[in-house]
**Student:** 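One structure coming up, written as C-alpha cells, with questions to follow.
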Amino acid sequence: MRNFYLDFSTKIYFGKKQIKKLGKAIKPFGDKILIVTGKGSVKKYGIFDDVIKELKKDNIEWSEYSGITPNPRLKEVMKGIEIAKKGDVDLILAVGGGSVIDASKSIAFGKYVSGDLWEYFVEDKNVEKALPVGTVLTVAATGSEMDGNSVITNEEKKQKFSIHSEKIKPKFSILDPTYTFTVPPKQTAYGISDIFSHLLEQYFSPTTTDWWIPDRIAEGVLKTLIYWGKVAYRDGYNYFARANIMWASTMALNGITATGKITDWATHKMEHELSAYYDIPHGEGLAILQPYWMEYVLDSETQERFAIYGRNVWDIKGLSDEETAIRSIKKTREFFNSLDLPSKLKEVGINGKYIEEMAGNLEERLGKIGGLKKLSKKDVENIYRMAL
Ligand code: NZQ
Ligand code: ZN
C-alpha cells in the first residue's frame, strides 16, 4: 500500500436547483467569465438560460465560446485560447459534458502558454498557471467535474492525449441531476460504461487486498451503477437513477478509489488510440475492450482479485476462485450488453488495419502499459485482435 495525498478542493453543489449557487461560486474569482459550451444541447434544453439568469442576478459579465465537439479537438482549444487571451476573463465556466469541461481546462492553462500547447500533452509538461475553471455538468460520465485531467485530440497527428494538473481541477461544480434528464439512452450508456471502467482501472491492481477502503467504496459505486444504470438507460427522467449515476461519475475519478493503490489504466490507453483513429465515443470503446482486457490478464496470479470482484460486486457464491473470476468477466460483458453496448470492434466499423500502428504508438510513448499486468506491444495487439 502506498502513502497518499488527496486534494478534494473542488466545491460540489449537488441537487435540484443548485444553479442558484452559481453567482456565489463565481464571485471569489471575479465577475467576468467566459462560458464554454458544446454543439447546442445546453441551449436546446434550457440549461444555458438558467445559467444566464443567475449571472444577470449577480451582475456577472460573460462572453461565450460554443461549438466544442465530443472528443474535443486541439484546434477548438486553440480558438478558445485566442478568445481568452483577448478578453478580460476571471474564470472559465464549462457548461456541458466531459468534452466541454476538458476543452475549458486546456483553454484555462493555454491562456498562459506562449509556445506549442501540444508539447504539454506530448511531454507531460508541468502546468504552471491557469485561469480558474468552474463547471455546470450535463452528462454523467468522465469525472472531469472533480479531477485535474483534460483529454484532447490532435486530429492531424491522430493523437488523443491527456494532461493532468491540480491547477486545472475545477474550483466548483454544479451537479443537478435534472440537467441530465435529456441525455439520450445511447449517451447515457456510454457514460455508465466510462464510469464503470474508471472504477475497474483502479480496482484491478497489484496492491495488497488487505487495503480495503478504496476497494469497498468502489464496489459500492459499481453496484450502484449495475442497479441504477439500467433504470437511467430506460427511464431518463427518473431522478434517483440520474442522481446516483451523476454522483457515481464524480466518485469514480475524484481520487478516492485510487488512494494508496497502484492503478492500471491500460484499457483507457488502448481506447484513446481507438478514439484518436476512429473518433468513436469513449464509453463505446471501453465497453468493448474492458472485458477482453479482463480475460487477457486473468491468470493464477490475478485470479484472487477477480474472485473478490465476482463475490463482492456480482454476488457470485459457492464457486472456486477460478470459476468466480471467469463468471465475473461474463457478468461484466452482459452488463454492458444490457445497455445495448457493443462487444466487438467490427460492430462499430473497426477492422484490424491499424492494430499494429496503435499498439506501436503506445509502446513508443509509454513503454509497457498497465499496473495489474505490464502489457507489451504484442499483448496490446492481442487484446485488440481478440476484440475484432
Ligand atoms: O455538444 P452538445 O450539443 O452539448 O451534445 C453533447 C454531446 O453530443 C450531448 N449532451 C451533453 N449534455 C446533454 C447532451 N445531450 C442531451 N442532454 C444534455 N443535457 O452529449 C454528447 C456527448 O458529450 P461529451 O461531453 O462528449 O461526453 P462525455 O461527458 O462522455 O465526454 C467524453 C470526453 O471526455 C474524455 C473522453 O475521452 C471524451 O473525449 N474523458 C475525460 C476524462 C477526464 N477529463 O478525466 C476521463 C475519461 O476517461 C475520458 O477520457
Ligand atoms: Zn474514461
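The figures here come from the full heavy-atom set of this structure, side chains too, leaving out hydrogens, waters and symmetry mates. Counting starts at 1 for both ligands and their atoms, following the listed order.
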**Student:** Can Arg365 and Glu123 be counted as an ion pair, charged N to O under 4.0 angstrom?
**Tutor:** no

**Student:** Using a 3.5 Å cut-off and no angle test, enumerate the donor-acceptor pairs between side-chain atoms of residues 305-316 and protein atoms at least two apart in sequence or in another chain.
**Tutor:**
{"from": "Arg305", "atom 1": "NE", "to": "Ser205", "atom 2": "O", "distance (Å)": "2.6"}
{"from": "Arg305", "atom 1": "NH1", "to": "Tyr203", "atom 2": "O", "distance (Å)": "2.9"}
{"from": "Arg305", "atom 1": "NH1", "to": "Asp215", "atom 2": "OD2", "distance (Å)": "3.0"}
{"from": "Arg305", "atom 1": "NH2", "to": "Ser205", "atom 2": "O", "distance (Å)": "3.4"}
{"from": "Arg305", "atom 1": "NH2", "to": "Thr207", "atom 2": "O", "distance (Å)": "2.4"}
{"from": "Tyr309", "atom 1": "OH", "to": "Trp314", "atom 2": "NE1", "distance (Å)": "3.0"}
{"from": "Tyr309", "atom 1": "OH", "to": "Thr332", "atom 2": "OG1", "distance (Å)": "2.7"}
{"from": "Arg311", "atom 1": "NH1", "to": "Asp321", "atom 2": "OD1", "distance (Å)": "3.0"}
{"from": "Arg311", "atom 1": "NH2", "to": "Leu319", "atom 2": "O", "distance (Å)": "3.1"}
{"from": "Arg311", "atom 1": "NH2", "to": "Asp321", "atom 2": "OD1", "distance (Å)": "2.9"}
{"from": "Arg311", "atom 1": "NH2", "to": "Thr324", "atom 2": "OG1", "distance (Å)": "3.4"}
{"from": "Asn312", "atom 1": "ND2", "to": "Glu219", "atom 2": "OE1", "distance (Å)": "3.3"}
{"from": "Asn312", "atom 1": "ND2", "to": "Glu219", "atom 2": "OE2", "distance (Å)": "3.1"}
{"from": "Asp315", "atom 1": "OD1", "to": "Lys223", "atom 2": "NZ", "distance (Å)": "3.0"}
{"from": "Asp315", "atom 1": "OD2", "to": "Lys223", "atom 2": "NZ", "distance (Å)": "3.1"}

**Student:** If you measure from each non-hydrogen atom of Leu253 to ligand 1, which part falls under 4.0 Å: side chain, backbone, both or neither?
**Tutor:** side chain

**Student:** Hey, is ligand 1 close enough to Ser99 that some N/O pair sits below 3.5 Å?
**Tutor:** yes

**Student:** Answer side chain, backbone, both or neither: which part of Thr182 comes under 4.0 Å from ligand 1, heavy atoms only.
**Tutor:** both

**Student:** Among Asp264, Asp379, Asp299, exactly one meets salt bridge (charged side-chain N to carboxylate O under 4.0 Å, His left out) together with Lys373. Which residue is that?
**Tutor:** Asp299

**Student:** Charged N to carboxylate O under 4.0 angstrom, Lys75 versus Glu155?
**Tutor:** yes

**Student:** For the aromatic rings, using the six-membered ring if either is Trp, is the centroid distance between Phe121 and Trp118 under 6.0 Å?
**Tutor:** yes

**Student:** Heavy atoms only, cut-off 4.0 Å: how does Pro70 contact ligand 1, side chain, backbone, both, or neither?
**Tutor:** both

**Student:** For Tyr45, take its heavy atoms, then give the atoms of ligand 1 lying under 4.0 Å from any of them.
**Tutor:** 16 (C), 17 (N)

**Student:** Is the closest N or O pair between Pro72 and ligand 1 shorter than 3.5 Å?
**Tutor:** no

**Student:** Under 2.8 Å from the Zn ion (ligand 2), which protein atoms of type N, O or S occur, listed by chain and number?
**Tutor:** Asp194 OD1, His198 NE2, His268 NE2, His282 NE2

**Student:** Between Phe336 and Phe196, is the gap from one ring center to the other below 6.0 Å?
**Tutor:** yes

**Student:** Salt bridge check, Glu76 against Lys79: does any charged N sit closer than 4.0 Å to a carboxylate O?
**Tutor:** no

**Student:** Just distances here: any N/O of His272 and N/O of ligand 1 closer than 3.5 Å?
**Tutor:** yes

**Student:** Can you tell if the side chain of Leu74 reaches within under 4.5 Å of the side chain of Leu117, non-hydrogen atoms only?
**Tutor:** yes

**Student:** Between Lys57 and Glu54, does any NZ, NE, NH1 or NH2 come within less than 4.0 Å of an OD or OE carboxylate oxygen?
**Tutor:** yes

